Each structure stands twice: as C-alpha cells, then as structure tokens.
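Computed from a predicted model, the values in this text were never measured in an experiment. In what follows, chains carry the letters A, B, and so on, assigned in the order in which the sequence lines appear, proteins first and then strands, with residues in each chain numbered from 1.
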Amino acid sequence: MTKVQLQETEHATPTESIRIGVYVCHCGLNIAGSVDCEAVAKFAATLPYVVVSKDYRYTCSEPGQELIRSDIKEYKLNRVVVASCSPRLHEPTFRRVCEDAGLNKYLFEMANIREHCSWVHLHDRESATEKAEDLVRMAVARAALLEPEEENTVPITRKALVIGGGVAGIQAALDLADTGYHVYLVERDPSIGGRMAQLDKTFPTMDCSICILAPKMADAGRHPNIELLTNSEVQEVKGYIGNFKAKVMKKPRYVTDECTACGDCVPVCSVTVPNEFDVGLSTRHGIYIPFPQAVPSTYIVDRELCLNKENIIVCDKCIKACERQAIDFEMKPEILELEVGTIVVATGADVFDPASLVEYGYTKFPNVITSLEFERLINAGGPSGGHIIRPSDMKIPETVAFIQCVGSRSERGHLYCSNVCCMNTIKDSLLIKEHWPETKIYVFYLDIRAYGKGFEDLYKRAKKEGVLFIRGLPAEVIEDRKTRNLWLIGENTLQQELYRINAEMAILSIGIEPRKDSAVIQRLLTLSRTQDGFFMEAHPKLRPVDAPTGGIFLAGCAESPKDIKDSVTQASAAAARASILMAKGKVTVEAITPRLIEENCTVCGLCARVCPYNAIIFDKEAKRVEFIEAACGGCGTCAAECPFDAIKMRHFTDEQIFAQIDAATQLDAEKKIIAFCCNWCSYAGADFAGVSRMQYPTNVRIIRTMCSGRVAPKFVEYAFARGAAAVLVSGCHIGDCHYINANYQTLKRVEKLWKKMERLELNKDRLQLEWINASEGERLASKIREMQAIVGSVSAEEIENSKKMMRKG
Amino acid sequence: MESKAIESPKELQEQLLDMEKLKYCFECGICTASCPVMEITSNHYNPRVLLEQILLDPDKVLKKEALWLCAWCYRCYKRCPQRLKVPEIFLALRKMATRQGHLEGFNEALRTVSRHVPFPASYCWVCLHPERSMLDRQFVESALQNATRFSAKERKRRAILAQEAERCKVAVIGSGPAGLTAACELAVEGFPVTVFESMTKLGGMLQKCLPTYRLPKDVLNAEIEHMKDLGIEFRTSTTVGKDLTIGKLRREGFKAIFISTGAHKSRELKVEGCNREGVLHALEFLKEANLGNANVGEKVVVIGGGNVAVDAARTALRMGAKDVAVLYRRSREEMPANPWEVSEAEAEGVKIHFLISPKKILGKNKRVAALECIKMSLGELDESGRRAPLPVEGSEFIMDSDMIILAIGEMPNLTFLPKEIEITEAGTIAVDPFTMETSMPGVFAGGDVVLGPATVVEAIVAGKRAASSIERYLEGEV
C-alpha cells in the first residue's frame with residue numbers, strides 16, 4: 001500500500017517531528033459490528049506521521065491502556081489518537097494513560113467512531129467503514145497540530161449552596177454540614193419540608209412521612225454549619241466551579257425573631273384564604289405558620305392580604321395582639337451575596353393539573369380529587385383529621401376508585417412515567433383498608449410498576465386485602481346528579497369487556513412535572529434540560545448527579561420524578577460529589593482559554609464586546625487587551641470575532657480546525673456535510689442519537705468545538721472552498737447557551753454568511769443553522785436526513801462556483 | 001394528500017406517522033370505551049383490538065369486517081392519551097383494502113349495520129363515508145341493497161309477531177336519528193309508537209340540514225317509508241309546545257314519552273350589526289339550500305369552527321359563491337370540525353382563517369357590506385380543556401362580505417318542557433346518562449337535546465338506550 005499524501009494545505013504544517021500512534025477500538029461488537037476496524041487501522045497506518053496503528057478489542061480496558069502506554073515508550077510517540085467512543089465519555093481515561101506514559105494530556109485526540117458512526121449506521125458496513133476512516137483522518141490531521149498545554153489551578157471556596165429545602169435539599173445540606181462545610185440552604189417557601197411534609201405515609205414501609213421528616217428538618221434548622229434562608233430566592237449566580245457568587249433575596253416575613261410562636265395573633269386576623277399546605281382543602285389566616293412542624297417555627301404575614309385596593313395596610317389587629325411586638329410591617333427584602341464553591345440544585349417538582357382532562361371532571365365534580373389532596377385528607381393533621389370524607393357531603397365513601405397515569409405516559413400530559421404514582425396508590429389503598437376495611441377499592445391502571453425494594457410485597461398486600469386492580473383506564477367519569485356518586489366507564493382490556501362502575505369517590509393519581517419556573521433556574525446556572533423538562537445530568541450512567549456545568553450537582557425531583565428514598569440517595573450522592581471537590585480545595589481549569597497574538601492585534605476591541613463573561617479587559621487609551629483567565633469560560637467566540645487572527649484558542653486553534661476540514665473534504669467533498677457541533681448541546685445530542693441508535697446518512701463529518709460561538713465564518717467559507725456540499729452549524733438553543741449567550745454571535749455570523757451567499761448567488765440552503773440540545777438526538781438525525789436532500793440537489797457547477805467564490809473570500 | 005400506490009400494509013405502517021405512533025398504544029381501552037359504534041353493534045366491534053391486530057398482522061386486518069365499522073365521530077381521538085387519529089389509520093387501511101379488492105369486510109359490515117341500525121343506507125352514506133375509502137358508488141349501492149333486503153323484512157316480521165301482545169303506547173317527539181332509532185326499536189318489540197314531527201318531512205337534521213351531497217334524500221325517504229311498515233304512526237306538521245304538550249300526550253294514554261327534538265336554536269353572536277340583511281344562521285341556510293330556495297352571496301363569510309360551519313361553507317361554494325371564508329377564533333388544533341372535512345373543504349377552495357374573531361358587522365343601508373375582525377392569540381387552558389382565545393389589542397381589520405353565515409353552535413329549544421323536567425346549566429335536558437330518563441318519570445330524552453350538537457352515531461346510541469329503558473319501564477308498569 002502506498003502512502004496517501006496529505007493534500008497540500010493552505011494552512012500550517014507541523015514543525016517538529018511528529019510521531020502518532022493510532023488505536024482503533026472494536027468495543028466488542030459495538031463498533032466492529034458495523035465498521036471494519038482492522039481495515040480502519042490499516043488505513044490509519046498510511047496517514048502522514050503515523051508510526052504505529054493497531055486495532056484492539058477493548059481499548060479502554062487495562063490491557064488496552066497498557067498497550068498504549070508501552071507503545072508511547074517503544075515507538076517514542078508524541079501524539080496519540082484513539083478511535084473509539086465519544087470524547088465526552090473516555091477522553092479523561094486516555095488522557096490519563098498519556099500522562100502516565102509521560103505525554104502531555106493535550107497531545108491526545110479521539111475519533112468518535114461509535115456514537116457518531118457505528119451506532120448510527122448499523123446497516124451499511126461499507127459506508128460506515130469509509131466514514132470511520134475519514135474520522136480517523138480528521139483526528140490524525142488535528143493531532144499533528146496539537147500542542148502541549150499546562151493547566152492552571154484555582155482555589156475552591158469551601159462553602160456550599162443548596163437550592164430547595166425539600167427532603168433532597170435537607171439531606172444534601174445535612175451531609176455537607178456534617179462533613180464540615182458551611183452550607184446555605186435556600187428555600188422559597190416560609191418553611192423547609194417540601195412535598196414530603198404534605199404526605200401522610202411513605203411507601204413501601206408505611207412510615208409516617210412527617211414523623212421521619214420532622215427530626216431532619218429540626219436538625220437542619222439548628223445545625224451550626226447550616227444557614228437556613230427560608231422565604232428566600234436565588235436571584236443571580238455568577239462565577240464558575242469553586243468560585244460562585246450568588247445573590248439571594250430574603251423576602252420579609254414581617255415577623256421578627258422575637259416571635260415565640262404563641263399564636264395569639266391568629267384568632268384576631270380577619271382574612272382567610274385557601275391553605276396551600278392542605279392544597280386548598282382548608283383555610284389559613286393572613287398571619288400563619290405553614291404547618292405545626294414548620295422549620296423555622298415562626299409566624300409569617302401574607303402581607304398582600306393586609307392591603308386594600310390602594311396598597312395601604314388597613315388592619316393592625318395582629319400587631320396589637322402580639323405582646324412581644326414581634327410583628328413589623330416595615331421589614332424590607334434583603335439581598336445577601338454569598339460566595340460558594342459548589343451548588344446543589346434540589347428545586348423539586350410540581351404536580352400535574354388534571355383539569356385539562358375534562359372527561360374526568362376534576363373541579364367539575366366535587367368527589368373527584370387528586371392524589372395529593374387525598375394525602376391531606378387521610379393525614380391526621382389534615383383538614384378532616386385523617387378521615388377520608390368526600391367533599392360533596394362529608395361522608396366516608398364506601399367505594400373508592402383510583403385512576404392511574406393521569407397526566408403521565410400521555411400526549412395530553414407528559415410522555416414519561418412519573419415513577420411514584422403506582423406505589424403511592426397502592427399505599428393509599430392500604431391506608432383506606434387499614435381504617436375502613438369494608439371499603440371497596442378499585443384501581444384502574446395501565447401497568448403497575450412495582451419495581452423497587454419491597455414494592456412487590458406491598459402490591460401483593462394490597463391484592464390480599466381485596467383491592468381490585470382493573471387493567472384499562474376509564475374513558476369518562478360521569479356524575480350522578482342526585483347522589484353525587486360517580487360512574488366510571490371504560491374497557492377492562494384483559495376481559496375485553498366494558499365496565500361501568502359506581503364509586504362514591506374517585507382519586508386521580510396525578511403525575512409529577514417539572515417546576516413551572518425551571519427555566520429560571522436553568523438560566524441562572526446555565527444548566528440543560530431534557531425534553532421532559534427536568535434538569536439533565538452530565539452522564540446518565542457514570543455521572544448521574546453532576547450537572548454538565550462544573551461544581552453544580554442535582555438532587556431529587558428536579559432531575560427526574562423519583563420517590564423519597566431515591567431523592568435522599570441522590571442528595572447524599574450530590575453532597576458527596578460536592579465534598580470531593582471542596583476537600584481537594586482546588587480545581588484545575590482546562591487549558592482551553594485564549595492567548596493573544598500581540599503582533600496581529602490592532603486593539604480594536606471587538607473581542608471584548610462579544611465576551612459573555614466580561615473576561616477581556618480592553619483599554620483603548622492604553623492600547624491594552626488582556627484576558628482574565630479565571631473568569632474566562634473558554635467558549636472561543638472572541639477568536640471567531642477577531643478579524644485579524646490575533647486570538648489563539650488553545651486546543652481549538654484555527655489551524656487545528658482547518659486541518660480537520662481539510663481531512664474531511666479530502667475525498668468526495670461534493671457529497672459531504674461538514675457539521676460544527678458545540679460540545680455541550682449538539683455534540684452531546686449527536687452522542688445521544690448514537691446511544692439511541694437513530695439512523696441517519698453517513699456523509700456527515702462532525703467537528704467538535706466548545707461552543708457554536710467558536711465557529712468563525714472563515715471555517716464555513718473554507719469548507720465551501722474545499723468543495724463541501726453543505727455545512728451545518730449547531731449549538732445550544734438560544735437562551736440555553738452553556739456560555740451564557742455566546743450563541744447569539746453564532747446566529748449573527750450565520751445570518752451574515754447567508755447574506756453573503758445570496759450576494760454571491762450561491763444556494764444559501766447549503767448552510768444550515770440548527771439548535772440541538774443534548775437530548776435532541778432525533779432532531780440532529782432528522783436535520784441530517786433533511787440536509788441529505790439538499791446535498792442531492794447541489795450541482796457540480798454550483799460546487800465549483802462556491803469553491804471559486806469562497807476562495808476569493 | 002393521496003398516498004400513491006403503497007401496496008403492503010407494512011409499507012403503510014412505515015409511512016404514516018400515526019401508524020408509527022400506533023406502536024406507542026398502551027392499550028388503555030379508552031378508545032373502545034368511548035366508541036358509540038361499539039354500543040350500537042352490541043359489543044360486536046372493538047377498535048382497540050383492531051389497532052393491536054394492525055401491529056400483529058396487518059394483512060389479516062384488510063379482510064376484517066371491523067375495519068369498516070368506524071363511523072368517524074372522533075371521540076376516541078379526543079380522549080386518546082397517545083393522540084392517535086384512529087379513524088385516519090382505519091381509512092388508510094380501508095383504501096388499501098379497496099385497491100386490493102378485499103371488500104368482503106365491507107359487505108359484512110353493512111350486514112351488521114343493517115341488523116343494528118334501522119336506517120342502514122342513510123347511516124352508510126352519512127357515517128361510513130364509503131367515497132373516502134375510494135369505493136365505487138354503484139358498488140356501494142348494490143352492496144347496500146343486498147345487506148338491507150333481509151334486515152328490513154326481518155324487522156317487519158318481528159314487529160308483526162310482537163304486535164299480538166298487548167302493549168302500552170309510546171310517543172316519540174322529533175323524527176331525527178335518535179327518535180327514529182327509538183321508534184323502530186320499540187315497534188319491533190310490539191309497542192304502538194307515534195312519532196310527532198314539526199316539519200312536513202321526516203328525518204330531522206338528516207332531512208333538514210345535512211347537505212344533499214352528503215346524503216341523497218331519496219335514500220333517506222325510502223328508509224322512512226320502510227319504517228311505516230313496522231306500524232309506526234307518523235304525525236308531521238305537529239309542533240310540541242304549540243299543537244301538543246307533554247301533559248296532553250299523557251292524558252291521551254301515552255305511557256312513555258321520548259323527547260328527541262334536537263338542537264335547532266342557533267346561538268346568537270353578540271356583536272353589533274347581527275340584524276342586518278344578509279346575516280343568517282347556518283342551520284337556516286342549510287335548510288333553505290336543501291329546499292332549493294336559498295340565495296347565496298358572492299363573498300360569503302362563515303363564522304364558527306364546527307362541522308356545521310364547514311358544511312355551510314361547502315354548500316355555499318357549491319351554490320356558486322365566488323369566495324367562501326371560514327373564520328375560527330382558535331387554531332386548527334382546537335377546531336371541533338372533523339379534520340378531514342376541513343381539509344376537503346380547503347381542497348374545494350374554502351379559505352379557513354384561524355385565530356380570528358368577528359367584532360362588528362358593517363353595512364350599507366340595511367345590508368351587510370363588510371365584517372370588522374380582530375386577531376386572537378391563545379392563552380391558558382380554559383374549562384373546556386382547550387386554550388382560551390384572547391383578542392390581540394389593536395389588530396382589527398376589515399373583510400369585505402355580502403353574506404355572513406353564523407355557525408357558532410346550536411342549542412335545544414326547551415320552552416315546551418313542563419317544569420318537572422330538569423335542565424342542565426348548558427341548556428340541555430338533564431337525564432340519567434344510562435337510562436336516558438328525565439326527572440319526570442316515564443319521560444325520556446336523547447340525542448342533541450341532551451348532548452348539544454353531536455353526531456348521528458351518538459344520536460343512535462341515545463335512541464337505543466332510551467328504547468331499552470322504555471321497554472323495561474313499561475314492562476314494570478304493565
């Protein structure tokens with residue numbers, strides 16, 4: 001086999017003597033199943049600077065790692081390329097291997113031939129192999145231009161912020177505080193406790209919910225390391241891993257610390273409103289304590305209720321009633337500025353509102369209630385003193401029906417399973433049986449998911465107690481106008497028979513949904529959300545409690561619907577992950593920040609204008625441009641903006657990206673799509689498409705940048721100049737950018753390019769911009785399919801035209 | 001969109017989005033429990049099972065009778081957790097069955113319909129839409145002849161046999177699909193039935209307002225003639241409230257009364273200028289069109305989003321209007337009219353404007369000249385489970401028009417009811433949902449007078465339920 005010559009490039013060629021080792025991984029059959037790994041390895045051997053090329057069954061295994069380590073020594077390798085899975089998965093592993101063998105970890109490069117190749121082209125071995133070869137060619141081209149980098153370390157503030165005071169937040173705060181770190185526990189409501197405080201019993205053990213939660217709440221309230229900030233909201237978070245600055249607004253309670261919770265103020269208060277804690281089934285006064293076990297155990301005034309139409313306080317009865325003079329309407333909101341090193345997000349979830357499913361008659365028929373309302377009814381501390389009474393006539397119902405999957409597993413609510421409703425219903429049915437064994441109970445279900453420890457036993461117990469489980473959801477609930485009883489009509493799908501069942505009360509087992517204001521927290525912390533709307537973890541298997549943003553961890557229902565046990569488990573895990581960071585005391589920052597090439601810089605200031613972090617000091621007078629490394633996020637939008645090539649993005653240099661484009665367009669450029677994908681959303685989305693085995697055409701070549709804001713117009717122009725048929729620029733959705741707002745620049749640049757293409761009479765459909773987040777694999781796949789049609793329509797003449805035009809600039 | 005020669009159901013499965021979604025059917029049974037055809041055919045039909053069979057063995061489904069029984073009421077779709085357009089899926093398969101000549105299922109379905117519905121031919125044209133399945137008109141006609149020949153005779157035979165028993169008299173008020181169904185079911189059991197109708201012709205909405213392009217009137221009239229053979233007495237031009245009252249009927253010895261007077265009162269549009277010449281209600285317009293004496297304008301605007309609005313628009317177009325527009329205040333998603341009728345209307349040239357609401361009817365002298373409209377946007381879900389339309393401030397604009405047809409809903413006229421009979425908040429008669437009995441013993445009600453404007457199949461269900469409870473009621477009485 002003859003050596004394929006690297007095409008003459010217009011850009012840099014490496015100066016030192018480069019020795020590259022290439023390792024093509026089979027990943028069992030994950031890659032080898034649809035890619036001829038041996039052929040790819042043989043091909044790699046023909047590439048410039050490659051001195052050794054091998055294929056191996058499991059490169060990430062210890063023997064695989066050892067192979068690389070010994071080759072580095074034996075062949076004196078100074079660059080390593082592994083063609084295997086996504087760098088988002090194993091780049092850290094192989095970087096460590098390089099370091100062990102004395103090679104700077106920035107001299108390592110990965111070709112993603114699994115998520116971006118073998119898994120998405122399962123049925124076309126030939127094209128998949130060709131694509132894998134191209135991806136290796138691109139990786140080798142980039143590797144030749146990699147440079148060693150030194151990482152800076154920054155200190156970590158040994159304090160943590162926990163957002164949300166439900167059971168997950170309380171657990172995370174306690175664990176962190178017990179480890180010895182100072183914790184700020186921020187809760188929006190007047191008391192901590194969250195949803196768990198509202199529940200009566202917990203499954204599968206049937207423990208009393210508040211009895212096991214209250215001691216934890218009290219612990220959190222008096223822990224010397226925990227600063228409890230209830231009735232408070234996080235307003236702003238700035239900074240980065242180890243060095244966050246958060247602004248928290250402490251809303252006034254209008255009751256000072258003098259309050260002894262004697263309660264003298266309550267009877268004199270003349271306003272009553274629905275009590276949120278009892279989901280509106282009881283009332284409370286304008287001055288109130290949320291519930292008896294509330295922490296902090298002090299009163300609060302709902303000041304809105306004390307105002308008249310002109311916003312003037314018209315009543316002072318409570319002030320007069322308070323002997324200790326603890327009521328102060330003059331209290332003002334306070335803004336606290338907190339410095340923390342880590343953040344745990346435990347903001348919880350909302351419940352589905354079933355009123356939109358009109359056929360079930362919630363809010364129309366008084367005896368149709370939700371499972372959360374039921375919790376308050378069956379609770380001894382609830383509005384009915386623990387008697388389940390039906391709202392229409394306060395009688396204890398003799399027949400009760402539970403309807404499952406209300407708002408879950410449905411296009412009319414949420415597509416996902418809410419995880420807890422099956423067991424919650426089983427628990428509730430047993431609670432009824434415990435108090436009133438004669439009650440006839442029906443559970444209408446789709447599937448009973450009793451998957452956890454002790455769950456199946458509880459399910460069996462319900463069956464033993466005579467709870468009737470009927471497979472098939474009611475299509476309709478009809479109220480008998482006289483008795484207010486309910487008719488449930490549906491199909492028993494196992495019997496293939498219609499049922500028409502009369503129940504005195506129906507309980508809708510409502511699902512869990514993301515907090516309505518999740519978008520606010522998402523923006524504050526630059527998090528990602530899945531399509532379901534819950535916060536996304538850094539890796540679903542291996543980093544399940546880390547947020548994609550460094551130093552931020554997730555716990556409880558904010559991440560996905562889960563029960564108390566899982567919330568507590570995850571909270572402890574999040575606390576442990578945060579502790580690991582803080583115990584180290586310092587964190588290394590990836591060496592991907594920019595360096596100024598002073599001889600090119602004209603001190604125009606464009607870079608400073610686009611920097612999302614204000615990390616560029618631009619002083620026109622002093623003719624000074626300076627990067628503040630600690631504040632820089634490393635997105636690279638400054639480098640893309642610089643018209644004079646005066647900014648070098650370390651590890652993502654212009655030369656490296658040009659080399660990748662060169663390699664990708666070396667063969668059959670006119671059939672290819674060059675895709676620039678940001679590391680956090682779109683590249684991850686492409687990984688997700690791979691993990692989900694979503695199939696799409698093989699002619700796309702993905703180039704990873706940290707942010708779509710790094711994609712300089714010259715990269716796109718160069719791809720066209722090299723004859724590429726189409727170019728895709730892809731990043732996080734507007735508003736979700738990992739680098740605050742750097743993708744606004746992407747949008748602007750692409751729009752400019754479109755105009756330019758129009759001016760040059762080029763088909764502007766050949767350049768596409770698509771926002772794809774990490775969970776939108778299908779969006780990526782369908783975009784590529786759609787672009788395939790554009791590729792097919794581009795004529796040879798058009799390609800030649802764009803080659804000429806774009807080369808001219 | 002006409003699918004071009006997809007010949008295997010597997011291919012079809014892959015091509016249709018809903019077929020793809022079908023794989024997510026969790027078999028909750030909501031479609032079956034919502035299906036009026038299931039009840040009409042005494043559980044002979046189960047859409048959920050049919051959907052599952054499409055996944056298991058699509059080839060087999062092409063030959064099945066059940067494929068042809070769906071009557072397009074869309075109740076299943078409205079409640080389906082997966083939002084499966086079940087009728088559309090069946091239609092795709094029906095078309096394929098037609099192309100491949102698997103028509104035995106259709107014949108079988110007509111026989112089943114004939115056994116359970118007293119006016120099978122009308123039912124076939126109105127509810128089964130054979131033309132949409134690409135069935136040849138002559139073929140359908142002869143198939144209907146074959147299927148109905150026996151059932152009509154059988155009904156007559158049973159009626160004559162049953163007449164030997166001494167039974168109480170039953171009055172049916174209104175001769176629409178609910179009333180006709182109840183009358184026939186009872187006549188077959190030997191009850192002497194008298195049907196009272198305010199119009200000169202029988203058939204209610206079927207006769208009066210259903211456009212002739214959907215139901216040829218000779219088909220309907222022939223079937224009503226057959227009913228006379230069952231011993232049913234028809235008294236036309238007799239209006240309840242004017243010529244007779246519930247109390248009078250009781251005194252005349254009718255032991256049970258079924259009220260099926262329908263929903264003929266058009267809802268009023270509360271905007272300025274509604275009394276101008278050239279503004280009329282859709283039902284009025286459709287009725288006049290069926291009688292052949294309606295005039296149509298050049299630029300017709302229909303206001304409303306239900307099936308009646310679409311029918312009126314299509315009829316106006318057929319009568320020669322140059323420009324027909326439908327204004328609906330929500331979006332396509334929320335439109336209550338059947339989606340395929342909407343797209344057929346659009347294909348014929350009806351323009352449908354969404355998120356637009358009328359504000360004022362403008363005119364010259366007394367006549368209509370234009371319509372002032374306002375754009376709407378959708379807000380939060382309202383009590384109907386749909387997103388509430390909200391006017392967009394300052395978005396008013398003027399549309400020229402010389403005829404405005406109001407189709408914003410119909411409601412029953414209940415002024416004739418004695419006060420013993422309870423009425424719901426929605427202005428319909430309150431009945432026990434299963435027995436159809438009103439708050440007055442021996443008086444039953446069903447059809448649009450109970451449901452508000454609904455489909456023919458739903459009216460038939462009501463007629464059947466009422467007939468069987470009247471039978472039970474009278475047997476207890478004798």
Side-chain angles (χ1 to χ4, degrees), chain A residues 352-364 403-417 444-449 470-483 485-502 511 516 778 782, chain B residues 18 20-21 24-36 38-39 41-52 75-85 333-334 380-388 422-426 429-435 437-439 450 461 465:
Chain A
F352 177 74
D353 178 2
S356 61
L357 303 175
V358 277
E359 64 271 29
Y360 287 160
Y362 178 67
T363 66
K364 216 165 53 188
I403 304 177
Q404 295 306 108
C405 291
V406 174
S408 304
R409 305 179 70 194
S410 165
E411 297 256 359
R412 300 177 64 199
H414 301 290
L415 292 174
Y416 51 84
C417 165
F444 298 98
Y445 71 97
L446 265 186
D447 297 295
I448 291 290
R449 293 185 167 168
I470 296 180
R471 198 197 175 283
L473 298 179
E476 197 177 3
V477 176
I478 294 175
E479 188 188 48
D480 185 314
R481 287 164 58 88
K482 281 187 217 99
T483 59
N485 288 349
L486 304 160
W487 287 101
L488 289 88
I489 301 166
E491 188 199 5
N492 181 332
T493 57
L494 298 180
Q495 300 285 334
Q496 280 197 29
E497 246 170 32
L498 290 190
Y499 59 75
R500 187 185 278 179
I501 285 165
N502 192 274
K516 301 210 170 40
E778 182 49 40
S782 58
Chain B
D18 269 72
E20 191 51 46
K21 269 169 72 184
Y24 300 123
C25 169
F26 295 126
E27 303 204 45
C28 62
I30 285 177
C31 51
T32 298
S34 305
C35 182
M38 169 139 191
E39 192 168 344
T41 60
S42 329
N43 301 358
H44 187 74
Y45 171 64
N46 186 325
R48 175 188 61 80
V49 171
L50 190 63
L51 286 172
E52 195 193 353
R75 285 232 303 222
C76 50
Y77 166 67
K78 283 174 197 149
R79 290 175 183 166
C80 174
Q82 304 307 325
R83 285 256 182 242
L84 282 176
K85 284 197 181 124
E333 186 81 342
E334 288 84 17
E380 297 284 298
L381 295 183
D382 64 9
E383 66 279 2
S384 73
R386 297 177 297 178
R387 296 177 61 193
E422 268 180 48
I423 296 173
T424 66
E425 295 87 0
I429 299 183
V431 296
D432 178 305
F434 306 113
T435 65
E437 190 168 13
T438 65
S439 50
V450 165
V461 168
R465 280 188 193 175

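Within the 4.5 angstrom heavy-atom criterion, only side-chain atoms of A/Ile478, from C-beta onward, approach chain B. Only the side chain of A/Arg481 comes within contact range of chain B, with heavy atoms under 4.5 Å apart. Contact of B/Cys80 with chain A is made through the backbone alone, with heavy-atom distances under 4.5 Å. Of the two parts of A/Ile489, the backbone and the side chain both hold a non-hydrogen atom closer than 4.5 Å to a non-hydrogen atom of chain B. Contacts of A/Tyr360 with chain B are made by side-chain atoms alone, with heavy-atom separations under 4.5 Å and no backbone atom involved. Of the atoms belonging to A/Arg471, it is side-chain heavy atoms, and not backbone ones, that fall under 4.5 Å from chain B.
Options B/Lys78, B/Glu422, B/Gln82 differ in how many heavy-atom pairs under 4.5 Å they form with chain A, and the most are formed by B/Gln82. Chain A forms the most heavy-atom pairs under 4.5 Å with one residue out of B/Glu39, B/Arg48, B/Arg75, and that residue is B/Arg48. Interface check for chain A: of the options B/Gly29, B/Ser439, B/Ala33, B/Pro81, the most heavy-atom pairs under 4.5 Å are formed by B/Pro81. Of all the listed residues (B/Cys31, B/Ala430, B/Cys28, B/Ser34), the one sharing the greatest number of non-hydrogen pairs under 4.5 Å with chain A is B/Cys28.
Smallest separation of non-hydrogen atoms from A/Phe444 and A/Pro474: CB-CD, 3.7 Å. Residues A/Ser356 and A/Phe352 share a closest heavy-atom pair of OG-CZ, 3.9 Å.
A donor-acceptor contact under 3.5 angstrom links the side chains of A/Glu491 and B/Asn46, judged on distance only.
Distance OG/A/Ser410 to CG/A/Leu357: 6.5 Å, rounded to 0.5 Å. The structure places CG of A/Leu486 at 12.0 Å from CD of A/Glu476, a figure rounded to the nearest 0.5 Å. To the nearest 0.5 Å, atom CD of residue B/Glu437 and atom CG of residue B/Asp432 are 7.5 Å apart.
Proximity of B/Arg387 to B/Glu380: side-chain heavy atoms (C-beta onward) are nowhere separated by under 4.5 Å.
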